[in-house]
Undergrad: 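Below is one structure. I have some questions about it.
Owing to the predicted nature of the structure, the values given are computational and were not obtained by experimental measurement. Each ligand, and each atom within it, is numbered from 1 in the order the structure gives.
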Amino acid sequence: MDRVIIEGGHRLEGCVRINGAKNAALPIMAACLLLDGPSRIKGIPNIVDIKTQSEILRNLGGEIKRLEDGALGIMFRDGENEDKFTAPYELVNKMRASICVLGPLLSKRRKARVSYPGGCVIGQRPVNLHIKGLKALGAHIETAEGYIHATANGLKGGEFSFAAKTVLGTCNIMTAAVLAEGTTIIENAACEPEVQDLANFLNRAGARISGIGESRLTIEGVKQLHGVDYEIIPDRIEAGTFMIASAITQGDVTLEHVRIDHLGAVIDKLKETGVEITVKKGDTIRVQGNNTYHAVDLTTLPYPGMPTDMQAQFMALLSTAEGRSVITEKIFPDRFIHAAELRRMGADIHVEGSCAFIQGTPSLSGTHVMVSDLRAGAGLVLAGLIAKGTTHIHRVYHLDRGYEQLEKRLSDLGAIIKRIPY
Ligand code: EPU
């Protein structure tokens, strides 16, 4: 286990290129189970979650390799893997997102056995809505011995309305429906850019999905899907994290390869706190920090609202803003473990239910802190960038799940940050 050490107080300046989106890549990789023929997918980041997903897919017969141009080649040979339909506990417990093989497996192999994902530090995270939606398409599903056992004798299109918006739930029903007989209508579908990217990918492979980006999706089943060349969208959470890195250090950082239209809520809230943001070209954005920021209130919501995956990073920024901010967490009401770690750095944060009250303090101080999950880790790194003295960040393997070469990219911008083994 490594730890990351940051010497705070260094202004970030320069240019950083944003990688492809982890949360688009994971379901798109799983959707390759549905395709006949090889695919080349560009922009897939080199992070631990992608390695885990690759392992899960190899276990299901997938041939996956990095190609010379950096794209990921993925292929499943038709007719050779019918007996492979299990995503085992050893892999699912490394990454809950592996649940997104459920829809494709059920559709293509008519059978799936996927370890039931447990809760995690950000919440209980049930999968009841995934199961309900798949049943609406005719799947037979039981849970036993910690596994979801699903079978389908040919899925049939149907109408399903999600009781609550769920990103991977929508992905699972969409991937189950694309090869089903007839038309499926999904109401109250998640509209996140990553869900849209999956739908666009499937359409490129021959699927017929309409209403992309809206909460009502219509999917006309087709007989077959083919392999494709595709480039996934830039990661809006990685972009948001670097935007706050620039803001919090009073820096001047230009981000390249971003989708400005995916960052509306983040940009608006940063501007409200006093950060200067200039869109330079279609996919380039400049973020200039200020001496003082004002407290703001924010509420995490489904897209196009403020992403829950940016909550910890905003909390770090607001810890030293003038006045009292309130963060309300509407997606994962318990996702506040980082608040206690930020308090160890001198932040004045009080959590009550799904709200965090942050009274800005003039400065933070470096100390030892522990990462509980990927985005909490990002928040602590940001706090470390401005803390007085040295911050030691433990359990950084969480960061490696979702950020490629984070220390190198921050140090290229002027941060004093390094990783050391214990
Ligand atoms: N929910 C249910 N039942 C279900 C499914 C979800 O009650 O069957 C609830 C959840 O407990 C939660 C809410 O619905 O309260 C929304 O959860 P959602 O299903 O949308 O989350 P997810 O699909 O499991 C994805 C991202 C998360 C991100 C959330 C919310 C991936 C791989 N993961 O998770 O990303 O926080 O959507 O936007 O796409 C991260 O990248 O660090 C991360 C945690």
Undergrad: Which distance, rounded to the nearest 0.5 Å, do you find between the CD of E231 and the CG of N200?
TA: 13.0 Å
Undergrad: Return yes if a side-chain donor-acceptor contact under 3.5 Å exists between H130 and N172, otherwise no.
TA: yes
Undergrad: Report, in ascending order of atom number, the atoms of ligand 1 lying under 4.0 Å from any heavy atom of V127.
TA: 4 (C), 8 (O)
Undergrad: To which protein heavy atom is atom 23 (O) of ligand 1 closest, and what is the distance rounded to 0.1 Å?
TA: L168 N, 2.8 Å
Undergrad: Roughly how far apart are L380 CG and H392 NE2, rounded to 0.5 Å?
TA: 13.5 Å
Undergrad: May I ask whether I122 places a heavy atom under 4.0 Å from ligand 1?
TA: yes
Undergrad: Can a side-chain donor-acceptor contact be found between H226 and Q224 if the only test is distance below 3.5 angstrom?
TA: no
Undergrad: State if R335 counts as touching ligand 1 under the rule of any non-hydrogen atom under 4.0 Å.
TA: yes
Undergrad: Around atom 19 (O) of ligand 1, find the nearest protein heavy atom and jot down its residue, atom name and distance.
TA: T166 OG1, 2.7 Å
Undergrad: How long is the straight-line distance from CG of D348 back to CG of L342, given to the nearest 0.5 Å?
TA: 11.5 Å
Undergrad: Any side-chain donor-acceptor pair under 3.5 Å between Y293 and T320?
TA: no
Undergrad: Ligand 1 and L374, any nitrogen or oxygen pair closer than 3.5 angstrom?
TA: no
Undergrad: Would you say G169 has any N or O atom under 3.5 Å from an N or O of ligand 1, going by distance alone?
TA: no
Undergrad: Where is the nearest protein heavy atom to atom 33 (N) of ligand 1: which residue, which atom, and how far?
TA: N23 ND2, 3.7 Å
Undergrad: Is the shortest N/O to N/O distance between A97 and ligand 1 below 3.5 Å?
TA: no
Undergrad: Distance only, no hydrogens: is a donor on one side chain within 3.5 Å (strictly under) of an acceptor on the other, for T184 and E159?
TA: no
Undergrad: State the atoms of ligand 1, each with its element, that fall below the 4.0 Å cut-off from a heavy-atom position in L129.
TA: 2 (C), 3 (N), 4 (C), 8 (O)
Undergrad: I'd like to know whether ligand 1 has K22 as a neighbour, heavy-atom separation below 4.0 Å.
TA: yes
Undergrad: Let me have the donor-acceptor pairs involving side chains of residues 190-198, under 3.5 Å, with sequence neighbours excluded, atom names and distances please.
TA:
| unit_1 | atom_1 | unit_2 | atom_2 | d |
| --- | --- | --- | --- | --- |
| E192 | OE2 | Y303 | N | 3.0 |
| E194 | OE1 | R236 | NE | 3.4 |
| E194 | OE1 | R236 | NH2 | 3.0 |
| E194 | OE2 | R236 | NE | 2.8 |
| Q196 | NE2 | C191 | O | 3.0 |
| D197 | OD1 | Y230 | OH | 2.7 |
| D197 | OD2 | I233 | N | 3.1 |

Undergrad: Rounded to the nearest 0.5 Å, how far apart are CZ of R286 and SG of C15?
TA: 10.5 Å
Undergrad: Counting non-hydrogen protein atoms only, what is the nearest one to atom 42 (O) of ligand 1? Give residue, atom name and distance.
TA: R375 NE, 3.0 Å
Undergrad: With nothing but distance in play, are any N or O atoms of F332 less than 3.5 Å from an N or O of ligand 1?
TA: no
Undergrad: For Q311 and T300, does a side-chain donor sit closer than 3.5 Å to a side-chain acceptor?
TA: no
Undergrad: Please verify whether a non-hydrogen atom of E194 lies at under 4.0 Å from ligand 1.
TA: no
Undergrad: Has R113 got its NZ or CZ under 6.0 Å from the middle of the six-membered ring of Y147, at an angle within 45 degrees of the ring axis?
TA: yes
Undergrad: Under 4.0 Å, heavy-atom basis, I'd like to know which part of D309 is in contact with ligand 1: side chain, backbone, both or neither.
TA: side chain
Undergrad: Stepwise, does the side chain to side chain donor-acceptor pair (under 3.5 Å) test hold for Q53 with S98?
TA: CA-CA 7 Å; Q53 187 72 321; S98 38; 5.4 Å; no
Undergrad: Provide, to 0.1 Å, the distance between atom 30 (C) of ligand 1 and the closest protein heavy atom, together with that atom's residue and name.
TA: T308 CG2, 3.8 Å
Undergrad: Check for me whether K165 has a heavy atom closer than 4.0 Å to any atom of ligand 1.
TA: yes
Undergrad: Could you tell me whether atom 16 (C) of ligand 1 has at least one protein heavy atom nearer than 4.0 Å?
TA: yes
Undergrad: Working note: R335 + R375, criterion side chain to side chain contact (heavy atoms under 4.5 Å, CB included); need CA distance, chi angles, decisive distance, verdict.
TA: CA-CA 10 Å; R335 193 178 198 176; R375 309 305 175 186; 3.3 Å; yes
Undergrad: Would you say A190 touches ligand 1, if touching means a heavy atom closer than 4.0 Å?
TA: no
Undergrad: I need the L137 CG to K132 NZ distance, nearest 0.5 Å.
TA: 14.0 Å
Undergrad: Heavy atoms only, cut-off 4.0 Å: how does V167 contact ligand 1, side chain, backbone, both, or neither?
TA: both
Undergrad: Which residue holds the protein heavy atom closest to atom 3 (N) of ligand 1, what is that atom called, and what is the gap in Å?
TA: N128 OD1, 2.7 Å
Undergrad: Please list the nearest protein heavy atom to atom 5 (C) of ligand 1 with its residue and the distance rounded to 0.1 Å.
TA: P126 O, 3.2 Å
Undergrad: Does R125 approach ligand 1 within less than 4.0 angstrom via side chain, backbone, both or neither, non-hydrogen atoms only?
TA: both
